[in-house]
Each structure stands twice: as structure tokens, then as C-alpha cells.
> 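Below is the structure I would like to discuss, written out as C-alpha cells.
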Amino acid sequence: MKGNFFLGNGQFEVREMNLPEPQAHQVLIRNKAAGVCGTDVHIYHGEKERRHGSTPQENSAGSRGHRH
């Protein structure tokens with residue numbers, strides 16, 4: 001699975017990540033598309049704070065994988 005990591009100073013980097021196992025009453029979503037929201041643009045330009053090493057992921061679309 002790939003994730004977009006915020007490195008600070010207007011830098012993001014796509015990295016491989018471990019696929020999490022869903023816990024009881026959770027659903028794994030198979031991501032089909034992801035976008036960049038306006039907040040992420042402000043973070044990129046240094047206009048808004050975000051923790052370094054965080055993974056923005058609030059804008060995505062997908063389908064249900066499997067459920068526990």
C-alpha cells in the first residue's frame with residue numbers, strides 16, 4: 001500500500017506502507033482514488049501547521065474490502 005507523507009517545508013513523499021488488519025467492527029476500504037484537499041495545499045505552502053511524518057488521507061474513494 002502506498003501513502004503520502006508530509007515531510008515539512010513544502011515536501012510530500014509517496015512511500016510504501018504496511019496494510020493494516022481491520023479489527024473487530026472495522027472495515028478495510030480498497031482505495032480507488034485519492035485527491036488533495038484545500039487544507040493540504042495550505043500545508044504545502046506553509047500557511048497551516050501539520051505534524052511532520054503525518055499522512056493526509058481525508059479525500060479518497062473506494063470499495064469495501066473485507067469486514068471483521
Side-chain angles (χ1 to χ4, degrees):
M1 173 171 95
K2 295 185 190 278
N4 185 26
F5 284 80
F6 175 61
L7 303 176
N9 300 320
Q11 296 181 345
F12 287 88
E13 178 179 272
V14 176
R15 298 180 184 172
E16 286 293 329
M17 299 175 59
N18 293 326
L19 183 65
E21 278 295 319
Q23 302 300 309
H25 306 292
Q26 292 183 331
V27 176
L28 181 65
I29 301 296
R30 185 178 308 267
N31 197 36
K32 300 288 186 178
V36 176
C37 74
T39 300
D40 295 336
V41 173
H42 289 292
I43 292 166
Y44 177 82
H45 289 292
E47 300 163 355
K48 192 168 180 76
E49 291 289 321
R50 175 159 248 162
R51 188 172 38 105
H52 294 177
S54 62
T55 307
Q57 51 188 324
E58 61 273 350
N59 293 316
S60 60
S63 60
R64 187 173 74 195
H66 62 278
R67 181 175 29 185
H68 281 257

> Would a distance-only check, ignoring hydrogens and angles, find a side-chain to backbone donor-acceptor pair under 3.5 Å from E21 to L19?
no

> If the condition is side-chain hydrogen bond (donor to acceptor under 3.5 Å, both in side chains), which residues does E47 pass it with, not counting sequence neighbours?
H42

> Going through the checks in order, is the side chain to side chain contact (heavy atoms under 4.5 Å, CB included) test met by M17 and K2?
CA-CA 6 Å; M17 299 175 59; K2 295 185 190 278; over 6 Å; no

